[in-house]
Structure formats: structure tokens, C-alpha cells
Amino acid sequence: MAAKISFSIESPMGSHMLSFTYERVGEGEPLLLLHGIGHHWQAWEPVLGILAAERDVIAVDLPGFGTSPALPDGVSYDLATVGSLLGSLCEALEIERPHVAGNSLGGLLALELGREKLVRSVTALSPAGFWTERERRYAFGTLRAMRFGAQSMPLPLIESLSRTAAGRAALTSSIYARPGRRSPEAAVAETLALRRATGFHETLAAGRSVLFRDDVPDVPVTIGWGTRDRLLLRRQGIRAKHVIPGARLVRLPGCGHVPMNDDPALVSRVILDGSR
């Protein structure tokens with residue numbers, strides 16, 4: 001069962017309490033898991049059991065997503081701030097320099113943690129921040145359309161769609177190559193998570209000017225990209241490799257933007273190999 005942790009942070013407007021929801025399972029070296037925009041820690045459920053056999057896994061709801069509250073007024077959703085807050089979360093959880101794996105927004109944050117030397121290794125699955133302006137506009141437009149759909153559909157319709165593979169495809173095919181593999185309960189829960197994400201607009205706004213341009217030296221980096229990613233096209237992985245020349249670039253055949261559900265065994269192996 002997911003837990004909550006709260007701690008104090010300082011901002012230009014004074015002290016604030018910040019809370020995170022997280023799921024923690026397994027034993028071994030610590031591994032922090034970071035989801036994408038509009039999602040929640042449950043995005044990692046397909047791989048949790050495999051990873052927990054070898055790692056102390058901490059899957060987090062990012063601020064303003066899942067059941068983690070939005071950031072307090074005066075605290076920015078920019079990359080440096082959220083990265084610093086994740087460093088504070090690790091201190092509160094008493095985990096020193098964990099491995100980190102992230103998807104999409106979470107992949108960008110994982111790279112930020114690597115750049116700041118706050119982690120032992122980075123695995124970034126379709127990370128944001130390696131787009132052209134045209135590609136960014138396309139991705140953000142798709143995300144806004146998904147959010148609008150999640151907010152517009154009444155709950156009975158969402159539940160009805162979730163009961164068939166075709167319906168789950170209608171709900172989630174923008175991020176999964178194999179949406180029929182998602183359970184009805186998971187499809188409903190992640191649609192509602194997107195609907196209720198209090199940090200959605202602020203995170204998108206903060207991401208408009210984001211380009212990841214720095215190398216991540218002295219930290220092992222793995223970048224994985226699904227061959228059927230329809231949100232962040234896989235050519236962005238080549239750009240990421242140019243920016244971080246020491247990174248291991250891994251192709252994820254048949255996987256979409258959120259690959260953990262499309263091929264749990266492959267994604268788990270990539271994360272475990274990257275966090276040795």
C-alpha cells in the first residue's frame with residue numbers, strides 16, 4: 001500500500017511542507033522510479049515485481065500528479081526546482097544517491113538528477129527535452145488533447161471503454177503500443193489521474209523552453225526508446241546520444257512512449273542492466 005512522506009522546504013515565500021506519495025518494495029540498492037506527465041506511480045506496476053527482486057524500489061507520484069499534492073504557491077515546476085525537491089525527498093527517505101529510472105518527464109528529471117550527481121546511475125525511457133520546437137509543439141498538443149478527453153468523458157463512459165481492448169486503445173493508444181494489455185482497472189485509474197493532475201498545466205508551461213543540452217559525465221546513463229513511440233519520436237534518442245555521448249542507447253522493439261506495460265521483461269532488464 002502506498003505511503004506518504006512530508007518534509008519542510010524553503011522558497012522565496014518562506015517555509016512550506018511538501019508531501020509525496022510513494023510505493024516502496026523489494027530489497028537491494030535503492031532505485032527511484034519517476035513517471036511521466038499526467039501519470040502516477042502505478043505506471044511502473046508492470047515492472048515492480050521484477051525490479052523488486054533485486055532492488056529497493058521507490059516509485060513516486062511527482063508533485064501535482066497521482067495523489068501527491070501540487071507544489072505550494074511560489075514554488076516553481078521548473079526542471080532545476082523539481083530536481084532539487086527530489087533530492088530532498090531522497091534525504092527524507094534516507095536513501096543516498098539511488099539509482100534512478102524515469103519515463104518521459106520522469107526521464108528528463110532522472111537526467112537532471114544525474115547532471116547534479118545526486119544518483120548512482122540513470123535510465124531514461126523516452127526522456128523529454130531532446131525535441132525540435134515542432135516536435136515539442138506536437139507532443140504538447142497531443143498531451144493537451146489527452147487531458148481534454150480525460151476531463152470531458154463521464155466516468156461511466158471511461159469505465160465502459162475500459163472493458164474492451166478497443167476501448168482501452170481509445171483511452172491510451174497515444175502512449176502504449178499494446179493498450180489491450182492494460183487492465184481495465186489500470187486504464188480507468190490512469191485516465192482519472194490525467195483528469196485530476198493538478199500540476200499538469202504548470203509542468204507543461206515550465207517545459208516550453210526546456211532543452212537538455214549538457215553531458216552527464218561520471219554517471220552511467222542508459223537511454224531507452226520505443227520503436228513505436230508516437231509521442232516523442234525515436235529520432236530524439238539519436239539527439240540524446242549526441243548530447244550524452246557516453247550514454248548507452250537501447251532500442252525497445254514494439255514499445256510505445258510508456259514502455260513498461262508494452263514489454264515489462266525487456267524494460268526491467270534494461271533498468272537492471274543500467275543500474276549495476
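Starting from 1, each residue takes its place in the sequence as its number. As the structure is a computational prediction, the values presented were derived from the model and not from experiment.
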Does R213, at its CZ atom, have more than 12 non-hydrogen atoms belonging to other residues, nucleotides or ligands within less than 6.0 Å?
no
For the student: nearest non-hydrogen atoms of A2 and T21, plus distance
CB-CG2, 3.9 Å
Atom CG of L194 and atom CZ of F65: how far apart are they, to the nearest 0.5 Å?
9.0 Å
What is the distance from atom NZ of K241 to atom CG of L249, rounded to the nearest 0.5 Å?
7.0 Å
Under 6.0 Å between the ring centres of W131 and F140?
yes
Q42 and D61, any side-chain heavy atoms less than 4.5 Å apart
yes
Heavy-atom nearest pair, R120 first then E96, reads NH2-O, 3.4 Å
Take R248 and T222 through the side-chain hydrogen bond (donor to acceptor under 3.5 Å, both in side chains) test and state the conclusion after the steps.
CA-CA 5 Å; R248 180 177 66 124; T222 300; 3.3 Å; yes
Hey, could you give me the CZ/CG distance between R181 and D262, rounded to the nearest 0.5 Å?
7.0 Å
Counting only heavy atoms not in E133 (residues, nucleotides, ligands), do more than 12 fall under 6.0 Å from its CD?
yes
Side-chain atoms of residues 30-38: list all donor-acceptor pairs with protein atoms under 3.5 Å, sequence neighbours left out, distances to 0.1 Å.
unit_1 : atom_1 : unit_2 : atom_2 : d
H35    : NE2    : L62    : N      : 3.0

When rounded to the nearest 0.5 angstrom, what is the spacing between CG in L171 and CD in E190?
8.5 Å
Let me confirm one number: the CG-OG distance from L18 to S6, rounded to the nearest 0.5 Å.
8.0 Å
